[in-house]
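Notes follow once the structure below has been shown.
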Amino acid sequence: MTRYGSPIEAFELASVVIGGGPRGGGGWDQHPLCPYMRHLTNEALKNAVFLWEKGEDKKVAREKAAEHLVLSVKLNPSNGAAFRLLGHYYSQESVDLQRSSKCYQRAITINPDDNEAGEALCNLLDRGGNQSLQLTICHEVVEKSSRAFWAWRRLGYLQVAEKMWSDAVQSLQHAIRGYPTCPDLWEALGLAYQRLGMFSAALKAVDMFREAAKIAPQNVSAHYGLASALLGMSRDCINSGAFWWGASLLEEASVITRGCCRTAGNMSPLWKLLGDIEVVEFQLGLAKLAFISGHLQSSEVG
């Protein structure tokens with residue numbers, strides 16, 4: 001209780017005062033209730049968080065939390081945390097996705113680095129199939145803050161999905177600075193490098209997949225990506241005449257793929273990859289024989 005009644009009543013009184021407009025032409029920072037309203041705003045957010053996380057009757061507690069949050073953002077429209085929690089309420093409890101989306105957007109407008117609100121907003125848009133709006137929002141966010149790593153990560157994934165390989169590489173590199181132990185990021189970056197189709201990019205792809213497999217040793221897709229990248233590099237080596245280097249890369253790819261087949265034997269892409277490796281191994285054997293035969297013939301002629 002306060003001298004203005006309950007916190008909710010005090011908020012309502014303050015809202016009425018604010019709604020009437022400042023008197024004497026001054027701003028609200030000169031209003032006699034301003035310090036008290038700031039205090040109420042902070043208390044409301046604390047109460048809302050407590051009710052949201054620890055309320056005994058979840059539905060009732062979260063409805064009460066929403067009351068505190070609505071009044072809080074009315075008094076302080078720059079309270080990003082309150083908008084984020086209000087977005088959670090509209091998406092999880094009252095299921096008003098339009099309001100939820102608006103709250104999340106307001107939260108990241110106030111604080112572009114708010115990864116929780118940003119990810120929640122993108123998940124909503126993803127469920128609605130609105131990838132283009134996700135791209136737009138993420139571009140706007142990273143322009144405001146280079147440390148909005150959630151936006152770089154989401155942007156990178158979207159660019160991979162759209163096969164925008166060069167853009168994806170840049171976005172994913174930024175994202176990894178914020179999430180250095182996320183194997184999915186290293187894997188996506190490896191894929192982007194691989195799809196660029198350049199030898200230097202292929203080398204980087206192998207490095208990225210190695211890092212993903214190191215961070216998550218049980219991640220079959222990371223090992224699959226590594227073996228696939230090694231196979232691609234071995235083909236390039238063989239085509240350029242670097243048979244022994246190609247053979248070394250091919251052997252590593254074979255060992256990795258066979259290990260994955262033992263771990264997850266029901267994945268058909270793994271068996272296809274193993275078949276591709278064995279075909280290249282056979283072609284490599286023929287190439288070596290042709291090279292040796294040609295070398296011997298030239299020696300005899302000489």
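Here, residue 1 is the first one in the sequence, and each next residue gets the next number. This is a predicted model, so every value here is computed, not measured.
Ile108 contributes atom CD1, which lies 5.0 Å from atom CG of Leu121 (distance to the nearest 0.5 angstrom). Between the OG1 atom of Thr181 and the CD1 atom of Ile176 there is a distance of 10.5 Å, given to the nearest 0.5 Å. Residue Arg154 holds its CZ atom at 7.0 Å from SG of Cys138, rounded to the nearest 0.5 Å. Taking CZ of Arg84 as the start and SG of Cys103 as the end, the distance is 12.0 Å to the nearest 0.5 Å. The distance from atom CG of Leu135 to atom CD of Gln159, rounded to the nearest 0.5 Å, is 6.5 Å. Taken from CD in Gln92 to CG in Leu85, the straight-line distance is 9.0 Å, to the nearest 0.5 Å.
Glu187 is listed as a side-chain neighbour of Asn219, based on a closest heavy-atom distance under 4.5 Å. By the 4.5 Å heavy-atom criterion applied to side chains, Arg153 and Leu172 are not counted as neighbours. Using a 4.5 Å cut-off on side-chain heavy atoms (C-beta onward), Gln105 and Ser101 make contact. Between Asp276 and Val280 there is no side-chain heavy-atom pair separated by less than 4.5 Å. Proximity of Gln131 to Leu125: side-chain heavy atoms (C-beta onward) are nowhere separated by under 4.5 Å. Contact check for Tyr224 versus Cys260: no side-chain heavy atoms found under the 4.5 Å cut-off. No side-chain heavy atom of Glu63 sits less than 4.5 Å from a side-chain heavy atom of Glu93. Contact check for Leu284 versus Glu281: no side-chain heavy atoms found under the 4.5 Å cut-off.
Arg195 contributes no side-chain N or O that, together with a main-chain N or O of Gly190, makes up a donor-acceptor pair within less than 3.5 Å. Between the Thr263 side chain and the Gly259 main chain, a donor and an acceptor come within less than 3.5 Å of each other.
Across Gly80 and Ala107, no two heavy atoms sit closer than the pair O-CB, 3.6 Å. Of all heavy-atom pairs between Cys261 and Leu270, the closest is SG-CB, 3.9 Å. Contact between Ala148 and Pro112 at its shortest, heavy atoms only, is CB-O, 3.5 Å. Looking at every heavy atom in both residues, Ala66 comes nearest to Leu86 through O-CD1, 4.1 Å. Of all the heavy atoms in Gly246 and Ile238, the pair that sits closest is CA-CG1, 4.4 Å.
Taking the six-membered ring for Trp and the full ring otherwise, the centers of Phe209 and His223 sit at least 6.0 Å from each other.
In the model, Ser100 has no side-chain atom that pairs as donor or acceptor with a side-chain atom of Tyr89 under 3.5 Å.
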Check against side-chain hydrogen bond (donor to acceptor under 3.5 Å, both in side chains), Tyr104 and Ser91: CA-CA 10 Å; Tyr104 288 140; Ser91 66; 3.3 Å; yes
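Each of Leu250, Leu249, Leu226 was checked for a side-chain contact (heavy atoms from CB on, under 4.5 Å) with Leu231, and the lone residue meeting it is Leu250. Here the options are Glu252, Arg258, Glu251, the test is side-chain hydrogen bond (donor to acceptor under 3.5 Å, both in side chains), and the partner is Ser254; only Arg258 passes.
Each ring pair (Phe, Tyr, Trp, His ring centres under 6.0 Å) pair with one or both residues in residues 132-185, not counting sequence neighbours, appears once here: Trp152-His174.
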